[in-house]
Amino acid sequence: MGPLVVNEIITENTNLFLAFIIGIGFGFVLESSGFSSSRKLAGVFYGYDTVVLKVFFTAAITGMLGLLFFSLFGWIDLSLVYVNPTFLPSAILGGVIMGLGFIMGGYCPGTSFCGASIGKIDALVFIGGLFLGVLIFGLGYDIWEGIYMAGSMGDPKVSESLGLSDGVFGLLLIVVALAMFRVAEWAETKWPREEY
Amino acid sequence: MTKLKELKKTKYLNPYVGGVLLGLVLLAANFVAGRGLGASGAIKSTVVTGMIAVAPAATENSGFVGEFRDSHGGSPMKTWLVFQMLGVIVGGFISGALAGRLKLKVEHSPGITSRRRLIFALAGGVLFGFGSQLGRGCTSGSALSGMAVLSLGGFVTMMAIFGTAFAFAYVFRKNWI
Amino acid sequence: MKAQNLLALILIPMGLIIAAVPPNTTKPYKLTAGELLAEVNTRSQYVTPETVADMLVNKDPTLRLIDVRSSDEFEKFSLPGAVNIPVADLLSDKYTEILDQGVKMNVFYSNGTIAANEAWMITRQLGYSNNFVLEGGLNYWFDSIMNPQKPDNTSPDEEFAKYDFRKSAGMALGGGAPVQAAVDKTAPSSKPAVKPAQKKKKAAGGC
């Protein structure tokens, strides 16, 4: 059955319309979870507010479990779902640069749009920075194409790389995440901050 | 303290509830379009459009624009992520309006000036924008969506982002606490 | 109850279930039985030996012959340029790219047509296009192309044209008959059109 657009159950234009609807859901949940506030987002790195960690991992696990169960019931063909390709050097280097941007700017791209939508000027400036960053990447593409394209591994699954089945890896991830949530709750009582 | 905590609870969604809801949105995206959520892709589309509009000749041979054309085709603005990001703006606005959080302001720690906050926001944005292109996706597109489909790259990017942010947290502590 | 504990209470059993059950690896069938029957009835999966011979002689790059017999039989004899995909290995992932594509015209062949038809039916059910079956199989290939029978003198002209073509094609492909005419003078039947971009591509992603 799914993915609907790949199996031609819906047309390309319906797909774009649904993208808009899904985006509304995405933005609504991000904002109501508090992701429109950079201080809340940055809180995870100082232990005073771990909402990012909780929302992020709960969402990843819910999405993963949903996909695995949908596949089990035959509702979605996972071989047609996009799996992000892995280029190890650029994934690590890109991640490091993004991490630096995160701790300096206090937002990530999705949350900055959320923040901007409720009037955060710092979020708007961050978005300006995003455009500039992408433009710099685009203009100097020839310079970093080497590292960008290096080390292609296709689109492996982390479960395959570890030699586990998807389900067993999923269970491990759940256990790890729940343990992290315990630590997060503890950290919030250890380094409390007043409301902002 | 307890009073403040209660206030916090009423203000924002419980993070676990928010997480489950976000996971369901992610699942819906995969079910409908066979792909996860994302944000920086929409920025890339806009930048590519801008580059083509400003200097069509120069972009003809640009590897960056070429790679984008190869993977998307058609108008760069008529892509899934562009429409999804328009939805994010609307969704965020609705949520903010319902909770009474619509307010034009520069949010920063009381210890720093607005100016400093904005400079760091811009610098962070530039880094994040650049990194998201190099890493083939940002926190939502690569880390969150990648983790849901168990992509190795998604996990690596996620660990690199959060690991680096943790490692440098001490350096930038003045900005936040 | 604290939300955290409630979450654990829901996620852990779900995790246990998903870890315990084997993953769903079935490939869903895309055509209904009726749709497939309709296609079988039109016999549209067949290509004639003449078409294949013509494409072979002209080195048509879109033709890809797929030998669905066992690898032993393939070793002993195969048509020029054929690849070997035994029916037993048809669903192997390594062949998906060959079978599910929108550029080439795949022609299955076996000694008769049974094995080739089996391969065609399965790939068709999976929703793949551009796969065809060599009419009559290798046996008919030998009778018609490699050792064509001269038609009776009373036969209509078309029969003679066909004979000439077969004979010259057979010769060009290493058969026994002497060359009589230029190979490309008559292409007896048109080849079926390859449907481009029928393949269901993975959704494009990227942030």
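A note on names: the letters A, B, ... follow the listed sequences, proteins ahead of strands, and every chain is numbered from 1. Because the structure is a prediction, the values reported are computed rather than measured.
- Proximity to chain B is limited to the side chain of A/Ile10, based on heavy atoms less than 4.5 angstrom apart.
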May I have the list of side-chain donor-acceptor pairs in residues 88-100 of chain B shorter than 3.5 Å, sequence neighbours left out?
residue: B/Ser95; atom: OG; partner: A/Glu31; partner atom: OE1; Å: 2.6
residue: B/Ser95; atom: OG; partner: A/Ser32; partner atom: N; Å: 3.3

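- The part of A/Ile76 that comes within reach of chain B is its side chain, from C-beta onward, which places non-hydrogen atoms under 4.5 angstrom from that chain.
- Taking the six-membered ring for Trp and the full ring otherwise, the centers of B/Phe155 and A/Phe169 sit less than 6.0 Å from each other.
- Both the backbone and the side chain of B/Leu152 come within contact range of chain A, judged by heavy atoms closer than 4.5 Å.
- Interface residue B/Arg117: only side-chain heavy atoms are found under 4.5 Å from chain A.
- In this structure, chain B has a heavy atom under 4.5 Å from the side chain of A/Tyr46, while its backbone stays farther away.
- For A/Leu173, the part sitting under 4.5 Å from any heavy atom of chain B is the side chain, from C-beta outward, and nothing else.
- In this structure, the portions of A/Tyr148 lying under 4.5 Å from any heavy atom of chain B include both its backbone and its side chain.
- For chain A, the nearby parts of B/Ala143 are the backbone and the side chain; heavy atoms of each come within less than 4.5 Å.
- Of the atoms belonging to B/Ser109, heavy atoms from both backbone and side chain fall under 4.5 Å from chain A.
- When heavy atoms are compared at a cutoff of 4.5 Å, A/Ser161 approaches chain B solely by way of its side chain, counted from C-beta outward.
- A/Ser33 places no side-chain N or O within donor-acceptor distance of the main-chain N or O of A/Phe35, the cut-off being under 3.5 Å.
- A/Leu135 touches chain B through backbone and side chain together, each having a heavy atom under 4.5 Å away.
- In this structure, chain B has heavy atoms under 4.5 Å from both the backbone and the side chain of A/Leu67.
- Residue contact with chain A, scored on non-hydrogen atoms closer than 4.5 Å, is absent for B/Met159.
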